[in-house]
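See structure below.
Only heavy atoms go into these numbers, but all of them, side chains included; no hydrogens, no water, no symmetry mates. Since the structure is predicted, the reported quantities are computational estimates derived from the model, not experimental observations.
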Amino acid sequence: MKKQLQLVFAALLISCSFNLLAGVTKWEDFSLVNGTIRLPGAVDGQPGWVIIDSGANIHGVNLHFMQAHNIALAKSGQTMLEGVYGREKRDVFTHVPITLFGAEFTLDDVVATPFGGKSDALLLGTGFLRMFIFQFDYPNERMRFMTHDAINLKKLKNLTMDIDRDSGRPIVKVRLNDEKDVWLLLDTGNSGGILLDRRFVKTTDWLDKFPRASGMARGVNTVGVNEHFNLPIMELGPFDLENVVVSTPAEGQKANVLSQFEERHSRIRGRKVVGILGYDVLKHFVLTVDYKRGFGHIAPPST
């Protein structure tokens, strides 16, 4: 898989307007739909949206997209796909023809995954993101990527971050309500603000202290019920954000908040991670992340 991804990126670099001296691509526009990053691409020659999801440790092809376009792909086996509210066995495909940034290549180990609508074709997870440093300008809806030697992100970082050694997913340390320092999964595929494990929330007085409401939430395999409240303040790197929306599974709701798109055998280890940090927080910033080494930087947009 690593060699295959290196070939993929070689094709992408050729197709992009790449500054070989600086090691940085030009900005590419993306679309934000329900807080998820979408790029135009194709699967098996059929045009659709490609979703960049740092919270997923898989690559997924959308079952709804396959059915709409009568796409038949070569199967290589099955895997157990974990979702927030349940898990199911899913087919795994090999030699999946992909088009992205004008480059054509194939991907192996792509999991059949129901997500989004019929126009959403592909989900690319951390295996895609580890090869380069990525920069997401949320306010201006654009992104670019660069080689690891193009920028000294270790020196410039202003986020306390780490990379889970098993799943390769990025985690970030934040301070909630001037009370709790916690680790959260940094998830570009999550449309909410913060999703917290209920066991952690119950160690605080927030459910009693702040007004809350209930609502339905959709996972990769099924739906569940969440409770929502606003947290007065959150510290992320050098920035303080006010009235951050927090969600937690309702009392009695069985949920694994860290596994929207995850193979069953993978788990975050080493750090005690209690939830997810998503779009409703990230939307204010330009986010730069080295998904291989675990360095991160946020800043307001320059334009």
Side-chain angles (χ1 to χ4, degrees), residues 32-37 51 53-56 82-87 114-117 138-139 159-161 164 169-262 267-268 271-285 287 298:
L32 282 169
V33 180
N34 296 325
T36 57
I37 295 173
I51 297 172
D53 189 350
S54 65
E82 184 88 18
V84 176
Y85 305 109
R87 60 181 185 266
F115 63 90
Y138 277 93
L159 294 176
T160 302
M161 283 190 60
D164 171 56
R169 296 184 295 179
I171 55 177
V172 61
K173 192 175 183 180
V174 305
R175 185 165 180 81
L176 300 179
N177 207 42
D178 282 333
E179 298 176 50
K180 299 282 188 176
D181 293 317
V182 300
W183 287 92
L184 303 176
L185 175 66
L186 182 66
D187 189 352
T188 61
N190 185 280
S191 61
I194 297 176
L195 176 63
L196 294 177
D197 189 294
R198 192 173 184 90
R199 289 168 296 183
F200 165 76
V201 175
K202 290 175 73 171
T203 66
T204 74
D205 61 354
W206 299 340
L207 290 174
D208 297 322
K209 189 175 183 180
F210 304 121
R212 50 186 162 129
S214 298
M216 300 299 293
R218 178 168 292 278
V220 62
N221 292 317
T222 186
V223 297
V225 180
N226 281 352
E227 289 187 310
H228 314 278
F229 59 91
N230 282 44
L231 206 59
I233 192 167
M234 166 192 168
E235 182 181 319
L236 176 64
F239 299 99
D240 290 335
L241 291 85
E242 297 179 346
N243 294 319
V244 177
V245 177
V246 175
S247 300
T248 189
E251 187 70 45
Q253 174 72 68
K254 293 184 178 180
N256 182 348
V257 300
L258 301 181
S259 53
Q260 173 66 358
F261 296 105
E262 180 185 80
R267 281 290 181 271
I268 286 181
R271 303 287 189 183
K272 184 178 180 180
V273 181
V274 301
I276 294 173
L277 177 67
Y279 164 75
D280 204 49
V281 172
L282 299 175
K283 67 182 180 183
H284 304 288
F285 302 107
L287 171 68
I298 56 170

Which atom of Leu196 lies closest to which atom of Pro249, heavy atoms considered: O-CD, 3.4 Å

For Ser54 versus Pro170, what's the shortest heavy-atom pair and its separation? O-CD, 3.3 Å

When you look at Leu277 and Asp187, which way does the side-chain contact (heavy atoms from CB on, under 4.5 Å) test go after all the steps? CA-CA 6 Å; Leu277 177 67; Asp187 189 352; over 6 Å; no

Do Lys180 and Phe200 come within less than 4.5 Å of each other through their side chains, counting heavy atoms only? yes

I want to check something: taking the side chain as every heavy atom from C-beta on, are Leu186 and Leu287 in contact at a cut-off of under 4.5 Å? yes

Would the distance check show the side chain of Thr248 and the main-chain N or O of Glu227 forming a donor-acceptor pair, the cut-off being under 3.5 Å? no

Taking atom [atom1] of [X] and atom [atom2] of [Y], what is their separation to the nearest 0.5 Å?
X: Asp205; Y: Phe210; atom1: CG; atom2: CZ; answer: 7.0 Å
X: Leu184; Y: Leu236; atom1: CG; atom2: CG; answer: 9.0 Å
X: Ile51; Y: Thr188; atom1: CD1; atom2: OG1; answer: 10.0 Å
X: Asp53; Y: Ile37; atom1: CG; atom2: CD1; answer: 9.0 Å
X: Phe285; Y: Phe239; atom1: CZ; atom2: CZ; answer: 5.5 Å
X: Asp280; Y: Leu241; atom1: CG; atom2: CG; answer: 9.5 Å

Evaluate side-chain contact (heavy atoms from CB on, under 4.5 Å) for Trp183 paired with Val174, printing each intermediate quantity in order. CA-CA 6 Å; Trp183 287 92; Val174 305; over 6 Å; no

With sequence neighbours excluded, give me every side chain to side chain donor-acceptor pair (under 3.5 Å) pair touching residues 170-179. Arg175-Asp181, Asn177-Glu179, Glu179-Trp206

Under the side chain to side chain donor-acceptor pair (under 3.5 Å) rule, collect the residues that match up with Ser247, sequence neighbours excluded. His228

Using side-chain contact (heavy atoms from CB on, under 4.5 Å), reason through Ile276 and Ile194 one step at a time and then give a plain yes or no. CA-CA 6 Å; Ile276 294 173; Ile194 297 176; over 6 Å; no

For Glu251, what residues pass the salt bridge (Lys or Arg N to Asp or Glu O under 4.0 Å) criterion, not counting sequence neighbours? Arg198, Lys202

Tell me, yes or no, whether the heavy-atom count around Asn34 atom CG, taken from other residues, nucleotides or ligands under 6.0 Å, exceeds 12. no

Evaluate the criterion side-chain contact (heavy atoms from CB on, under 4.5 Å) for residue pair Leu159 and Ile298; output intermediate values, then yes/no. CA-CA 7 Å; Leu159 294 176; Ile298 56 170; 3.8 Å; yes

